[in-house]
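In what follows, a structure is listed as structure tokens, so that the remarks can point back to it.
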There are 2 protein chains.
Amino acid sequence: MRFSHQRQKVREIVYKTNSHPTADWVFTEAKKSIPNISLGTVYRNLKQLEKSGYIKTIYDGNIARYDWKTEPHNHLKCKNCGDLIDIVFLDESIHPKIKKDFKFNVDKVEMFIIGTCKKHAKHS
Amino acid sequence: MRFSHQRQKVREIVYKTNSHPTADWVFTEAKKSIPNISLGTVYRNLKQLEKSGYIKTIYDGNIARYDWKTEPHNHLKCKNCGDLIDIVFLDESIHPKIKKDFKFNVDKVEMFIIGTCKKHAKHS
DNA sequence: ATAATAATAGGAATGATTACTATTTATTTT
DNA sequence: AAAATAAATAGTAATCATTCCTATTATTAT
């Protein structure tokens with residue numbers, strides 16, 4: 001894979017935010033410094049960056065979001081504001097139990113905990 | 001909400017399978033007995049059935065699947081065959097811990113465990 | 001049976017993502 | 001440093017899942 005300014009920029013944008021951005025948001029940001037970058041280029045590079053292990057794809061409902069944090073972690077999703085909050089709740093220590101109980105070799109666990117974050121809780 | 005043959009059929013189709021079908025598969029099945037049913041009708045009814053609590057929607061990557069099993073449960077997803085396997089691994093007992101540790105009120109947990117099922121494991 | 005209106009069929013519209021292709025650009029070879 | 005090679009791009013068309021729209025049909029209350 002050879003160098004391109006577009007790929008470098010896409011990567012930089014994902015690495016600079018904790019907002020788990022969508023492809024479209026990355027596109028909008030990238031246009032600020034590369035005005036004629038195309039959306040296809042953003043998608044292609046996000047896919048390549050994931051393949052190379054630099055970023056991870058998160059499926060939030062039926063939209064893809066991207067995350068620079070590649071270590072195993074989980075997400076809280078506030079149904080009120082839509083924010084995704086990174087947490088570490090389950091780690092790889094559950095893999096042997098799943099293998100034993102269900103005869104299933106685990107690669108990774110994707111968990112969304114859906115509810116209300118502290119900013120939007122009605123009361124305690 | 002008043003009776004319709006189409007809604008009854010959609011519900012019956014989802015209730016008869018353990019394959020976590022997509023809207024399109026439900027549509028194909030429904031056409032066998034209601035040849036001129038439309039895809040929009042299938043989508044509308046799936047949504048209504050979910051709202052009424054008869055079925056649940058599962059987002060598998062960026063495609064919606066439907067599940068008659070409405071009690072909390074989790075899914076193993078084999079990356080080899082794509083099958084979704086129902087398991088009960090995490091239950092609501094984790095909710096208080098998440099509330100305490102992260103100040104987050106949990107409604108539900110969506111978990112996908114991705115890996116290789118026993119049919120497709122290379123060896124132990 | 002009639003009136004009121006929820007639900008439908010069929011097709012158009014939308015939104016996210018992928019595919020296509022002529023051109024540009026990074027790297028390699030000379 | 002110029003030419004050759006091939007990867008990457010821009011721009012656009014195509015695809016796929018899903019939703020929206022509207023005239024017509026079907027269910028239910030009167």
Side-chain angles (χ1 to χ4, degrees), chain A residues 1-14 17 19-67 77 79 82 84 110 112, chain B residues 1-14 17 19-67 75 77 82 84 110 112:
Chain A
M1 185 161 60
R2 74 189 186 191
F3 173 86
S4 90
H5 295 289
Q6 289 86 341
R7 185 179 305 118
Q8 183 180 250
K9 175 56 68 179
V10 166
R11 181 172 169 180
E12 183 189 316
I13 290 167
V14 176
T17 184
S19 67
H20 310 86
T22 61
D24 208 64
W25 189 88
V26 174
F27 179 51
T28 302
E29 287 301 301
K31 274 191 289 195
K32 291 177 183 171
S33 49
I34 308 177
N36 69 337
I37 192 171
S38 82
L39 185 54
T41 296
V42 171
Y43 273 105
R44 182 167 10 83
N45 282 316
L46 287 168
K47 194 162 283 190
Q48 283 174 324
L49 289 168
E50 153 138 74
K51 200 169 180 183
S52 311
Y54 292 117
I55 65 175
K56 264 169 86 171
T57 304
I58 302 166
Y59 287 98
D60 176 13
N62 48 13
I63 190 169
R65 296 178 165 276
Y66 301 89
D67 196 345
K77 175 171 179 170
K79 63 181 179 184
L84 293 186
E110 284 174 8
F112 269 84
Chain B
M1 184 160 63
R2 73 190 188 191
F3 174 86
S4 89
H5 295 290
Q6 289 86 341
R7 184 178 307 118
Q8 182 180 250
K9 175 56 67 179
V10 166
R11 182 172 169 181
E12 182 189 314
I13 290 167
V14 176
T17 183
S19 68
H20 309 86
T22 62
D24 209 64
W25 189 87
V26 174
F27 178 51
T28 302
E29 287 300 300
K31 274 191 287 194
K32 291 177 183 171
S33 49
I34 308 178
N36 68 337
I37 193 171
S38 81
L39 185 54
T41 295
V42 171
Y43 273 105
R44 182 167 11 82
N45 282 316
L46 287 168
K47 194 162 281 189
Q48 284 174 321
L49 289 169
E50 155 138 73
K51 200 169 181 186
S52 310
Y54 292 118
I55 65 175
K56 265 169 89 172
T57 304
I58 303 166
Y59 287 99
D60 176 14
N62 49 14
I63 189 169
R65 296 179 166 274
Y66 300 90
D67 196 344
H75 294 99
K77 176 171 178 170
L84 293 186
E110 284 173 9
F112 270 83

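Labels below follow one simple rule: chain letters A, B, ... track the order of the sequence lines, proteins then strands, and each chain is numbered from 1. Note that these values count all heavy atoms, side chains included, but never hydrogens, waters or copies made by symmetry. Because the structure is a prediction, the values reported are computed rather than measured.
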Find the distance A/Arg7:CZ to C/dT25:P and express it as a whole number of Å.
-> 15 Å

Position toward the 5' end of DNA chain C (nearest nucleotide), B/Thr41 or B/Asn62 | B/Thr41

B/Ser38, nearest nucleotide to its side chain (from D/dA10, C/dG10, C/dT17) = C/dG10

Tightest non-hydrogen contact, residues A/Tyr66 and A/Ile55, listed as CD2-CD1, 3.9 Å

Closer than 4.0 Å, any side-chain N/O of B/Tyr43 to the OP1 or OP2 of D/dT18?
-> yes

Spacing between A/Phe27 atom CZ and C/dT17 atom C1', to the nearest angstrom = 13 Å

OG of B/Ser33 to CD of B/Glu12: how many Å apart, nearest 0.5 Å?
-> 7.0 Å

Does OP1 or OP2 of C/dT18 have a side-chain N or O of A/Lys47 closer than 4.0 Å?
-> yes

Taking only side-chain nitrogens and oxygens of A/Gln6, does any of them come within less than 4.0 Å of OP1 or OP2 of D/dA10?
-> yes

Over-ring placement of B/Lys47 relative to B/Tyr43, 6.0 Å and 45° cut-offs = no

Would A/Glu50 and A/Thr57 count as having a side-chain donor-acceptor pair, cut-off 3.5 Å?
-> yes

Length of the line joining B/Ile63:CD1 and C/dG15:C1', which is rounded to integer Å = 15 Å

Of the listed C/dA16, D/dA8, D/dA10, the closest approach to the A/Ile34 side chain comes from D/dA10

Mind checking B/Leu39 for me? I need base, sugar-phosphate or nothing, with any heavy atom below 4.0 Å counting as a touch.
-> base

Residues that A/Lys32 engages under side chain to side chain donor-acceptor pair (under 3.5 Å), provided they are two or more places apart | A/Glu29

Can you measure from CZ (B/Arg7) to CD (B/Gln48) and round to the nearest 0.5 angstrom?
-> 4.5 Å

When the distance from CD of B/Gln8 to C1' of C/dA6 is rounded to whole Å, what number comes out?
-> 17 Å

Which nucleotide, D/dA8, C/dA7, C/dT17, lies nearest any side-chain atom of A/Ser4?
-> D/dA8

Identify whether any heavy atom of B/Asp24 sits under 4.0 Å from a base atom; if not, whether one sits that close to sugar-phosphate; answer base, sugar-phosphate or nothing.
-> nothing

Filtered N/O pairs between nucleotides 27-30 of chain C and protein, under 3.5 Å:
{"unit_1": "C/dT27", "atom_1": "OP1", "unit_2": "A/Phe3", "atom_2": "N", "d": "3.3"}

Quick one: closest heavy-atom pair of B/Asp60 and B/Lys77, and the distance?
-> OD1-NZ, 2.5 Å

State which of D/dT18, D/dG11, C/dA9 makes the closest approach to the side chain of A/Asn36.
-> D/dG11

Atom of A/Ser19, atom of A/Arg65 and distance for their closest heavy-atom approach | O-NH1, 3.6 Å

Interatomic distance where CG belongs to A/Asn45 and P belongs to C/dA26 [whole Å] = 13 Å

Does C/dA7 have OP1 or OP2 sitting under 4.0 Å from an N or O in the side chain of B/His5?
-> no

Quickly work out the A/Ile37 CD1 to D/dA8 P distance and round it to whole Å.
-> 14 Å

Distance in angstrom units between A/Asp60 CG and C/dT17 P, rounded = 11 Å

Expressed in angstrom and rounded to an integer, what is the separation of A/Lys31 atom NZ from D/dA10 atom P?
-> 12 Å

